Amino acid sequence: MFNIVIFGKPGSGKGTQAKFLKEKYSLYHISTGDLFRKNIRNQTKLGIEAKSFLDNGDLVPDFVTIKMLENEVLLNNQVKGYIFDGFPRTLHQAESLDTFLSSINLKINATIALDVNENELITRLIDRGKTTNRSDDQDIEKIKNRFNEYNTKTSILVNFYNKQGIYFSVDGKGSVNDITLRLFGLVDSLI
Ligand code: ADP
């Protein structure tokens with residue numbers, strides 16, 4: 001099994017690139033953002049619980065997110081590996097993921113951050129907000145709040161994974177294809 005965490009600030013292209021990685025390396029893609037949005041569309045209990053957090057650009061509380069993630073892994077266990085997109089986003093989530101994976105004899109093999117500056121990201125997100133109905137992409141204050149959540153809660157994971165020797169960063173600027181090739185180059189060198 002080869003398990004990857006892809007992370008980066010909102011708009012950095014995690015979801016887009018995760019799809020290419022999933023295809024190339026036959027991984028099972030778990031996007032916590034997509035799972036929340038699916039639950040919101042279907043008006044499940046989880047969706048109702050999570051909605052206001054997504055609408056405001058706040059992180060959903062850890063206990064809700066961690067449980068959802070673990071269920072998704074357990075329900076899809078006949079796979080060659082996972083690509084975790086948008087999880088973990090807090091130190092507690094990262095520690096829980098390690099504990100959970102080791103309880104089922106798995107581990108994270110690589111964490112890859114897509115590096116893009118915030119000005120470029122604001123342009124990308126506002127553009128995305130015009131073509132999707134994501135309310136969190138249509139308001140500059142919500143976008144800034146998501147950056148703030150990232151900078152205060154998620155960026156410390158660099159250190160957490162660096163200490164484990166599994167942190168890598170890829171330049172997230174350029175064409176989608178350029179970035180995909182950078183990622184493939186990195187993953188090929190690790191597998
Ligand atoms: P983006 O990275 O562009 O913000 P995502 O689809 O990954 O888009 O996430 C959208 C929203 O879903 C987040 O702003 C947050 O409210 C919620 N979310 C996703 N993943 C997590 C997580 N691991 N922990 C808490 N909240 C999350």
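Predicted model only: the values in this text are computed from it and were never measured. Read the numbers this way: they start at 1 and go in the same order the structure lists the ligands and their atoms. Quick note: numbers below take in every heavy atom, side chains included, and nothing from hydrogens, waters or symmetry partners.
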For ligand 1, run through the N/O pairs with the protein that fall under 3.5 Å and put one pair on each line.
| unit_1 | atom_1 | unit_2 | atom_2 | d |
| --- | --- | --- | --- | --- |
| ligand 1 | 2 (O) | K14 | NZ | 2.6 |
| ligand 1 | 2 (O) | R89 | NH2 | 2.9 |
| ligand 1 | 3 (O) | R128 | NH2 | 3.1 |
| ligand 1 | 3 (O) | R146 | NH2 | 3.0 |
| ligand 1 | 4 (O) | R89 | NH2 | 3.4 |
| ligand 1 | 4 (O) | R146 | NE | 3.3 |
| ligand 1 | 4 (O) | R146 | NH2 | 3.2 |
| ligand 1 | 6 (O) | R37 | NH1 | 2.9 |
| ligand 1 | 6 (O) | R37 | NH2 | 2.8 |
| ligand 1 | 7 (O) | R89 | NH1 | 3.0 |
| ligand 1 | 7 (O) | R89 | NH2 | 3.4 |
| ligand 1 | 8 (O) | R134 | NH2 | 3.2 |
| ligand 1 | 16 (O) | D58 | O | 2.6 |
| ligand 1 | 20 (N) | T32 | OG1 | 2.8 |
| ligand 1 | 20 (N) | G86 | O | 3.2 |
| ligand 1 | 20 (N) | R89 | NH1 | 2.9 |
| ligand 1 | 23 (N) | G86 | O | 2.8 |
| ligand 1 | 23 (N) | Q93 | OE1 | 2.9 |
| ligand 1 | 24 (N) | Q93 | NE2 | 2.9 |
| ligand 1 | 26 (N) | V60 | N | 3.0 |

* Between F2 and K80, is there a cation-pi geometry (under 6.0 Å to ring centre, at most 45° from the normal)? -> no
* Asked: Got L121 and S12 here, is their nearest side-chain heavy-atom distance under 4.5 Å?
  -> yes
* Report the residues that fulfil side-chain contact (heavy atoms from CB on, under 4.5 Å) with D115, sequence neighbours left out, ordered by chain and then residue number. => S169
* **From OH (Y150) to CD (E118), nearest 0.5 Å** => 10.0 Å
* Asked: In a check of side chain to side chain donor-acceptor pair (under 3.5 Å) between Y28 and each of Q78, K22, E72, which one passes?
  -> E72
* Salt bridge between D55 and K51, side-chain N to carboxylate O under 4.0 Å? -> yes
